[in-house]
There are 2 protein chains.
Amino acid sequence: MAGKRHKTNGVSLREVAKAAGVSKMTASRVLRAEGGYSDKTRDLVMRKVDELGYLPNRLATVFAGDSASTFVGVSIPELGNEVFSQVLEGIDRKLGAFGHQTVLGLTQHTQEAEEEWIKTVLSWKPAGLILTGRYHSIRATEMLRASGVPIVEIWDLNSSPLDMSVGLNHFDSGFDMGRYLTSAGYQALGYVGTSHDTANAATARLEGFCKAVEGGGGTVAKQLCLHDMATYYTGFYGTEQLLAAGEPIDCIFYQNDAMAFGGLQYVYSKGLCVPQEIGIAGWGDLPITSVLPMRMTSMHVPHFKLGQVAAEMMLASLQCEPVERTRDIGFKLIPGSTVRQTC
Amino acid sequence: MAGKRHKTNGVSLREVAKAAGVSKMTASRVLRAEGGYSDKTRDLVMRKVDELGYLPNRLATVFAGDSASTFVGVSIPELGNEVFSQVLEGIDRKLGAFGHQTVLGLTQHTQEAEEEWIKTVLSWKPAGLILTGRYHSIRATEMLRASGVPIVEIWDLNSSPLDMSVGLNHFDSGFDMGRYLTSAGYQALGYVGTSHDTANAATARLEGFCKAVEGGGGTVAKQLCLHDMATYYTGFYGTEQLLAAGEPIDCIFYQNDAMAFGGLQYVYSKGLCVPQEIGIAGWGDLPITSVLPMRMTSMHVPHFKLGQVAAEMMLASLQCEPVERTRDIGFKLIPGSTVRQTC
DNA sequence: AAGCATTAAGTTACCCGTAACGTTAGGCCC
DNA sequence: GGGCCTAACGTTACGGGTAACTTAATGCTT
């Protein structure tokens, strides 16, 4: 029989108020430093707060419907890719500095996982959402629209975002790389990446790459999209597979630097000379690149800054400050030494 | 006058119930599939749920005090270190598969940041907490104890955890490395790492390392603890600093692989021969190691698994299943080719 | 001293979902 | 046909905090 429902282990505001001999409301005002109480009352309440070890229950505050919650949902495809862990660090550091918390969601590049996660996170009434990528399921889009919370879509530059967007033009970055490689004299190019069920940023890069290569007089002799994770190993075996096909290929562009390193290692193991016999180009500019003997030709993207900007846009939106709806974070080609220099 | 407080944008259960012409309670029962309603009523309610796009408000459910919340606070020092992003991925994947969400906290290796974060996260009534490291501030420890939520401390093996713990014995791993290096014939060893305000796992590794070296007839000629991040760059410049001191050093042990790569690159740039003239040993076994021409001598730790085990312990505790309080995840020495082989 | 403004409280209602309990209608049995 | 049972649904209260309103006490003015 004994009151089963009264098991909330924490000390409540009511208990603090009772101990201090004031009403809940007065205690609430003191805790929020709202004013409307005497110094004596404030000290008394604060002393009881310390004595009892009172921790406010934010659920109740948000639930009361006045203020928004302080957490922001952040969806990221995976953390195995260093690029995304840097973006996440940029986001969380910035949000954390302004009293917000990150609720993480790893979608593993699938819209189903993203939709499921969005549904769950929205039921917690988050202050906002930061989503990686511009492609969401129809139901997810509906829920996002209906929720009314601020949303920042990152990674892809998106001229018509759900709400706000920060990223880079992946097509252009692939195009620039393609132009760079063809102008360096490579003719028969290859691509090694991974495939997912839906179009994504890497797809856009590949499209831009192909367009530039064809426009530059070269050919994309072979594209390989493996059903696997975009890691070193996949780069290694993907390269083996690509070259085993027998077609002459003098330069390979990879989905990211991790795969490019794997590929580089494979061509080394076959005794091929880089960059004379074969060129290797990655994307993303991993930090380790700068301390390895051979600098990887790659595309630098300010990952950490991307995360920070995303968080700043979110914070500005939460403060009801004016925010530009889209921001281009840019990219920069790193010549490196794994492709021939343009003379 | 107009009801200012009724601005909660979502559709509430009451609205669903009204639309279906039933009471809130009946709608609630249908949504929880609790039984006690006719098929006709169930279909009617579910149709209205779809029509109105109702999303349950979990805040209210948790607030009502019946069920616990579904999120788990996870504190991680930083994500720049690949090791920790892998641990986090292991945790979130496992938690996510069981309907839980990760609330992230990056402590940047400081107890103050951790304490602040713990305070905030506890106010959201999390289902549990996973904390990196065994050292917490006094106030943090008090709050954790008082909260009564399940806690898993990871990274350091901890024989007397606050609640549960999974990790490895860092002292032993440093000891094993020290013994390995001395038995390989190195005499004058150096160490390059970073320092933080408090003792941590890296400190324990260094202690074990020193003990083994001294016991093995060698000497730790110089230890360098930089006030900086443990990255490639720090490894590069730290090595420069270490060797500039002039003391003869024939082998360097680093806080982690990233620093070791930086150091390796520095000694290459000076024309030193690895491993003949100088040995280089890291810790953590970064994935990239396995595809680089030269395999780094390192200590392998199952990072991803560590995260998964931590999540499993948490989940078991939440299900009130029996859980062992501590688990040793182990480590394994990777001989590599950056130190001389023991003959 | 009466009138009015200001400060420092207390009271009430509400947020949304659920436990506990109450009610109604119909079926079944003897 | 009266008593009893049960399925199906409604009513009430509650949790922790806060907005909006009310009340009490104090200070100040003329």
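The chains referred to below are lettered A, B, ... by the order of the sequence lines, with proteins before strands, and numbering in each begins at 1.
In this structure, the CD atom of Glu15(B) is 8 Å from the P atom of dC16(C), given to the nearest Å. The nearest whole Å value for the distance from the NZ atom in Lys40(B) to the C1' atom in dC9(D) is 13 Å. When rounded to the nearest whole Å, the span between NZ of Lys18(B) and C1' of dG17(C) equals 17 Å. Separating the CE atom of Met25(A) from the C1' atom of dA13(C) is a distance of 12 Å, rounded to the nearest angstrom. Leu31(A) places its CG atom 17 Å from the C1' atom of dA19(D), with the value rounded to the nearest Å. Here dG16(D) presents its P atom at 16 Å from CG of Leu122(B), a figure rounded to the nearest Å. Put simply, CG on Leu13(A) is 5 Å from P on dG17(D), counting in whole angstrom units. For the pair Arg58(B) CZ and dT18(C) C1', the interatomic distance rounds to 14 Å; values are reported in whole Å.
OP1 and OP2 of dC16(C) both lie 4.0 Å or more from every side-chain N or O belonging to Tyr54(B). The side chain of Arg32(A) places an N or O atom within less than 4.0 Å of a non-bridging phosphate oxygen (OP1 or OP2) of dA19(D). Residue Arg29(B) places none of its side-chain N or O atoms closer than 4.0 Å to OP1 or OP2 of dC9(D). Distances shorter than 4.0 Å separate some side-chain N or O of Thr41(B) from OP1 or OP2 on dC9(D). Between dG10(C) and Thr26(A), a contact under 4.0 Å exists linking OP1 or OP2 to a side-chain N or O. Using a 4.0 Å cut-off, some side-chain N or O of Ser28(A) falls inside it from OP1 or OP2 of dT18(D).
Side chains of Ser123(A) and Thr120(A): no donor on one and acceptor on the other come within 3.5 Å.
Using a 4.0 Å cut-off between charged nitrogen and carboxylate oxygen, Glu115(A) and Lys119(A) do not count as a salt-bridge pair. For Arg145(B) and Glu142(B), the salt-bridge test fails: no basic side-chain N is under 4.0 Å from an acidic carboxylate O.
Formation of a donor-acceptor pair under 3.5 Å by the Thr102(A) side chain with backbone atoms of Leu104(A) is not found in this model.
Open room surrounds CZ on Arg139(B); 12 or fewer heavy atoms of other groups in view lie less than 6.0 Å from it. Atom CZ of Arg14(A) is surrounded by 12 or fewer heavy atoms from other residues, nucleotides or ligands within 6.0 Å.
Using a 4.0 Å heavy-atom distance criterion, Ser38(A) is classed as a sugar-phosphate-only contact.
Judged by closest nucleotide on DNA chain D, Gly21(B) is the one of Lys24(B) and Gly21(B) placed further toward the 5' end.
Here the nucleotide nearest the side chain of Glu34(A), chosen from dA19(D), dG10(D), dA9(C), is dA19(D). With dA9(C), dG10(C), dG10(D) as the choices, the nucleotide that has an atom nearest any side-chain atom of Tyr37(A) turns out to be dA9(C). Residue Arg14(A) has its side chain nearest to dG16(D) when only dG17(D), dG17(C), dG16(D) are considered. Candidate nucleotides dA19(C), dT11(D), dC15(C) were compared by shortest atom distance to the side chain of Ser23(B), and dT11(D) ranks first. The listed nucleotides are dC9(D), dG10(C), dG17(C); the one nearest the side chain of Val22(A) is dG10(C).
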